[in-house]
There are 2 protein chains.
Amino acid sequence: MDGVVRPGRRLEPQARRDQILAGAVAYFAEVGLGGTTRDLAQRIGITQALLYRYFASKAELVEAVFERVFLDRLSPHWNAEIADRSRPLEERLRHFYRQYAAAIFTYEWMRIFMWAGLAGEALNQRYLSRVGDSLLAQLRDEIAAAGPYGAPDMEAMWALHGSIVYLGIRRFIYQLPTPDDVSPVIDESVDRFLAGIRRPQAG
Amino acid sequence: MDGVVRPGRRLEPQARRDQILAGAVAYFAEVGLGGTTRDLAQRIGITQALLYRYFASKAELVEAVFERVFLDRLSPHWNAEIADRSRPLEERLRHFYRQYAAAIFTYEWMRIFMWAGLAGEALNQRYLSRVGDSLLAQLRDEIAAAGPYGAPDMEAMWALHGSIVYLGIRRFIYQLPTPDDVSPVIDESVDRFLAGIRRPQAG
DNA sequence: TCGCTTGTTGATCATCTGATCACCAGAAAC
DNA sequence: GTTTCTGGTGATCAGATGATCAACAAGCGA
């Protein structure tokens, strides 16, 4: 029992702030950004007033939640790994999407991202623009350069992306049963995609 | 100007109820089910109290919104069309997903479905279970029976489904730019999927 | 043990929100 | 024009919610 402390227990400001933020991420992921400060405080095991010693307003707390959830979600290594032509394209694609899924297939990320998207948060659009302009565009270029495949357009890349992300949506948003291990499913989606754009073996 | 009436204007109960329901669908799609009855009433151009002449509570209004949005979204004809083996499989698949997209790619449906999903509504799960158990399973069987394709498992079918639905998610949830005409994009996703599971031409 | 610092609390405020009700007024019937 | 029915309104209530603040007490230093 780590997060549970008896009432009145004094914590170092940094520790308390972290505790609140972690609790807020879990709470808002579950009930949405419209969740109340009282419910959140009760779940953490502190009084509602204490929240306001560490965050000036609920909006600021939500902002901190976004920052923690969105920050460093896209690994800077991915671009280099995608472009590493010493490895077969198929392996790079599979590897990327296994990594990507490992990064975003969490209850907190998936749901807060979706809540924020519905709320019209600009962060979502910026994040997805980066996914498209940087990662997917690069994947497309690597596929085109690999030889045996016809050059896919961006909509094809988004379709591949969607086929994989939708697995996380089914699991964490709609809470439907999905395979415990997503790796083979992801590999098969990637393989099917590549097979689907393979050039006919003429000449 | 149809929906705009001057204050105090009397409407037939059915017309007023329809007006409120239509307004509620549009309003809740935009701001979520947590939207207030006052804002909704103001948008419709009536007083908040009037809502309660037609709906006993906000929960009942939301229920009516669900009913209107969810009802008859899955056409009963689709199953027969999918199974109509007098037409080529490829054409049936393309046709189905063009129809399906036409049915669900609306601002109201996409967003209310997602709000409801995040809120844990059982309707979503029932709807998606039907999509999987009835439509996707049948599509899978038809593909397997068609001959030139390897039998896809249900995860493969969900991947195809996701690759197409994600287009609507990008447009209506994240409000990112997407092609105006989705038909060619859908056709290409279907074609790519089938090409991806085509048996090697041996013997 | 005492005193000080400051993390924490309970009470409270203003506002928002769902819901109710007495009363008003549009329009059809005569 | 008058009456009658009922759709519509403004006022209001109770509870919820974000935010504030004076007072309390945990824990450290002397």
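The figures that follow rest on heavy atoms only: side chains count, while hydrogens, waters and symmetry mates do not. Residue numbering restarts at 1 for every chain, and letters A, B, ... go by the order of the sequence lines.
Atom CD in B:Gln42 sits roughly 15 Å away from atom C1' in D:dT9 (whole-Å rounding). Between A:Ile44 atom CD1 and C:dT9 atom C1' the separation is 15 Å, expressed in whole Å. Counting to the nearest Å, the P atom of D:dC24 and the CG atom of A:Leu50 are 18 Å from each other. Between the P atom of C:dG7 and the CD atom of A:Gln14 lies a distance of 12 Å, rounded to the nearest Å. For B:Phe55 and C:dT20, the CZ to C1' distance is 18 Å, given to the nearest whole Å. Here the C1' atom of nucleotide D:dA19 and the CG atom of A:Leu40 are 15 Å apart, to the nearest Å.
Between the side chain of A:Arg16 and the base of C:dT8 there is no donor-acceptor pair of N/O atoms closer than 3.5 Å. For C:dT8, the base has no donor-acceptor partner in the side chain of A:Arg9 [N/O atoms by modelled type, under 3.5 angstrom].
Listed pair B:Arg53 / D:dG7 meets the phosphate criterion, a side-chain N or O lying under 4.0 Å from OP1 or OP2.
The side chain of A:Arg10 has D:dA26 as its nearest neighbour among D:dG7, C:dT9, D:dA26.
The side chain to side chain contact (heavy atoms under 4.5 Å, CB included) search around A:Asp191 returns A:Arg94, not counting sequence neighbours. With sequence neighbours excluded, the residues forming a ring-ring contact (aromatic ring centres under 6.0 Å, His included) with B:Phe66 are B:Phe70, listed by chain and number. With sequence neighbours excluded, the residues forming a ring-ring contact (aromatic ring centres under 6.0 Å, His included) with B:Trp158 are B:His161, listed by chain and number. The side chain to side chain donor-acceptor pair (under 3.5 Å) check on A:Arg53 picks up nothing, with sequence neighbours excluded. Taking the side chain to side chain donor-acceptor pair (under 3.5 Å) definition, one finds that B:Asp39 meets it with nothing, sequence neighbours left out. Residues passing the salt bridge (Lys or Arg N to Asp or Glu O under 4.0 Å) test with A:Asp18, sequence neighbours excluded: A:Arg68. Every residue meeting the side chain to side chain contact (heavy atoms under 4.5 Å, CB included) condition with B:Pro179, not counting sequence neighbours, appears here in chain and number order: A:Glu155, B:Leu167, B:Val185.
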Using a cut-off of under 3.5 Å, enumerate the N/O to N/O pairs linking the protein to nucleotides 16-18 of chain D.
unit_1, atom_1, unit_2, atom_2, d
D:dG18, OP1, A:Lys58, NZ, 3.3
D:dG18, OP2, A:Thr37, N, 2.8
D:dG18, OP2, A:Thr37, OG1, 2.7
D:dG18, N7, A:Arg38, NH2, 2.6
D:dG18, O6, A:Arg38, NH2, 2.9

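The aromatic rings of A:Trp115 and B:Trp115 are tilted relative to each other, their planes meeting at an angle between 30° and 60°.
For the pair A:Met114 and B:Tyr174, the minimum side-chain heavy-atom distance is below 4.5 Å.
For residues 25-33 of chain B, proximity to DNA chain C is found at no residue, defined as any non-hydrogen atom under 4.0 angstrom from a strand atom.
Both B:Ala49 and B:Glu12 sit near DNA chain D, but only B:Glu12 has its closest nucleotide nearer the 5' end.
Among the atoms of the strands shown, only primed sugar atoms or phosphate atoms (P, OP1, OP2) are found under 4.0 Å from some heavy atom of A:Tyr54.
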